[in-house]
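Note that the structure is predicted; figures quoted are calculated from it, not measured. In what follows, every heavy atom counts, from backbone to side chain, and hydrogens, waters and symmetry copies are set aside. The sequence lines fix the lettering, A, B, ..., with proteins before strands; numbering per chain opens at 1.
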Amino acid sequence: MIDLKLLQKDFDTVAKALQKKQIDTALLAQLKTLTTDYKQSLQSLEELQAKQNALSKEFGQIKAKGGDVGALQEEVKNNKIAVAQLQEATNEKEAALQALALTIPNLPDDSVPEGKDEEDNVEIKKVLTPRVFDFEPKEHHDLGVDLGWLDFKRGVKLAKSRFTVLMSDASRLERALYNFMLDFNRSRGFQEVSVPAIANGDSLLGTGQLPKFADDLFKIEGEELYLIPTSEVSLTNLFRDEILEAEELPVKLTAYTPCFRKEAGSAGRDTRGMIRQHQFGKVELVSITHPEESDKVFDEMVSTASDLLTALGLPHRLVALCGGDLGFGAAKTTDIEVWFPSQNRYREISSVSNVRDFQARRAMIRFRDGKKNTLVHTLNGSSLAVGRTLIAIMENYQRADGSIEIPQVLENYLR
RNA sequence: GGGCAGAUGGCAGAGCGGUUGAAUGCACCGGUCUUGAAAACCGGCGAGGGUAAUACCUCCCUGAGUUCGAAUCUCAGUCUGCCCGCCA
């Protein structure tokens, strides 16, 4: 959630920052009005409550002495009604305020490039040069079907479209990949954890998937529970409603989980192959940091993901997302895109974001900062989507005969 | 799924209709002592809002209710623990 105090105090700064994210200033003006309105209402309410408390105290004292409370009783009764009415009005105002505030995205950093969509993202650097093939490279879909690695038909039979079955060596390769990634992350100081793949509504609200993006989530029928779209939800919410000690920071975590997304807005896109699935495995990085440390940790996370791809020998590039392409909670994001020879282009395989205090404010994650309690910064990043890494390896490491060479670093994991 | 017990500050744990936002212990912070540390002793120490700072308001799982007044009473729900059933 954005800082409503900042909105009150410095409207123009907030409005200007959010223009980068294509947010209508009128909406922010409305939010400001709602806030002012609520605060006023709350103040009046508190005055009445103070009066009620004082009268009740007086009432008790008179009664203890055996005095007459007749007149006072009347006054107290009337005030009570007034309190109840104003309470209700105030609650409604607060609800309206919250409802709107929770749908406003985070402020992008000054460093975030201007831009409307993907086209305006800025390449930071390329790592490794794509290989030159002396034959026509095949798509992972065809390679996978021919090798008996990927069974798209049975995935659909079991569940529905956008579900794929990995057979034999593909399944082993997937396991090798996430083992390798977890070990790699551990060597970079990330603690490995294993978390539930289901989270409750409060958790999804804390990381910002709810209330705005409910359509993208698989919900458990009849329960306030959801399949996680990313383990960022589980890892970040580990600390929801907690006050950490300053010495505990930064907390750096990594986990492998399945992720589930409805892909509601992307019907017809990437339907062939397993680029875009309803279920995919992902090794995630999440950090909880002191506000002054988050930029440093951000860089560490980007290089962890990039170095992982380098270790796997996969050509990739780093891209700074422009304002319009930035996610809801992100203040800044670096995407990592891996080379797909069949598509002759780079596709996203990792996304590292500094969320600053946006999730911390929603989820009330704080640390003891001397006398006071201060919101932490949260960061998240895929240390690679495992499914996309698998197919990137297939395409980049294919041989003329349709077989797949295995990256050297994985050999120990495939014994 | 059935039965029983419980939910209070960072943790443990009292309180069971009024001056209790909450005893006590631990942890933590400041000080005395010490070459330094520990121990001992003294002081401070829940969260959110509000304020220049006070006042003041809210919060003892959540939501309704009783009452002039609720952490304390009533009802509903959620969660946790234990026992039984089921089960990887």
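Here B:G9 presents its C1' atom at 10 Å from CZ of A:Arg368, a figure rounded to the nearest Å. Distance, A:Asn79 CG to B:G69 P: 11 Å, rounded to whole Å. If you measure from atom CD of A:Glu242 to atom P of B:A47, you get 15 Å, rounded to the nearest angstrom. The interatomic distance linking A:Phe239 (CZ) with B:G10 (P) rounds to 17 Å, in whole Å. Here B:A47 presents its C1' atom at 8 Å from CE of A:Met364, a figure rounded to the nearest Å. One atom, CG of A:Asp241, and another, C1' of B:C61, lie 12 Å apart when rounded to the nearest Å. In this entry the distance linking CG of A:Leu225 with C1' of B:U78 reads 12 Å, nearest Å. Distance, A:Lys57 NZ to B:G18 C1': 9 Å, rounded to whole Å.
If you find the closest nucleotide of RNA chain B to A:Arg366 and to A:Gln52, the one lying nearer the 5' end belongs to A:Arg366. Mapping A:Gly60 and A:Lys5 onto RNA chain B by nearest heavy atom places A:Gly60 at the nucleotide closer to the 5' end.
When Watson-Crick and G-U wobble pairs are counted only if both distances are under 3.5 Å, B:A40 pairs with B:U32. Pairing of B:G18, defined by two Watson-Crick or G-U wobble distances under 3.5 Å, is identified with B:C68.
Nucleotides B:U78 and B:G9 have their P atoms positioned 22 Å apart, rounded to a whole Å. The C1' atoms of B:C59 and B:C4 are separated by 30 Å, rounded to the nearest whole Å. Taking atom C1' in both B:A5 and B:U54, one finds a spacing of 45 Å when rounded to whole Å. With P as the reference atom, B:A27 and B:A12 are 15 Å apart, rounded to whole Å. Taking atom P on both nucleotides, B:A70 is separated from B:C60 by 11 Å, rounded to a whole Å. The C1' atoms of B:G48 and B:G43 are separated by 27 Å, rounded to the nearest whole Å. Rounded to the nearest Å, the gap between the P atom of B:C28 and that of B:A39 is 9 Å. Rounded to the nearest Å, the gap between the P atom of B:C73 and that of B:G15 is 12 Å.
Within the structure, the salt bridge (charged side-chain N to carboxylate O under 4.0 Å, His left out) test picks out the following pairs touching residues 226-252 of chain A (sequence neighbours left out): A:Glu245-A:Arg368, A:Lys252-A:Glu300.
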Discussion item. Side chain to side chain contact (heavy atoms under 4.5 Å, CB included) for A:Leu309 and A:Val338? Distances and angles first, verdict last.
Written reply: CA-CA 8 Å; A:Leu309 281 168; A:Val338 70; 4.2 Å; yes
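Relative to the six-membered ring of A:Phe298, A:Lys332 meets both conditions, a distance below 6.0 Å and an angle of at most 45° to the axis.
Within 4.0 Å (heavy atoms only), A:Lys39 reaches sugar-phosphate atoms of the nucleic acid but no base atom.
Ion pairing of A:Asp142 with A:Arg272 is present here, as a side-chain N (NZ or NE/NH1/NH2) and a carboxylate O approach within less than 4.0 Å. The existence of a salt bridge linking A:Lys157 and A:Asp151 is excluded, since no basic side-chain nitrogen approaches an acidic carboxylate oxygen closer than 4.0 Å.
A donor atom on one side chain and an acceptor atom on the other are not found under 3.5 Å apart for A:Asn53 and A:Ser56.
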Measure all distances between protein nitrogen or oxygen atoms and nitrogen or oxygen atoms of nucleotides 56-60 of chain B, and list the pairs falling under 3.5 Å.
unit_1	atom_1	unit_2	atom_2	d
B:C57	OP1	A:Asn53	ND2	2.8
B:C57	O3'	A:Gln49	OE1	3.3
B:C57	O2'	A:Gln49	OE1	2.8

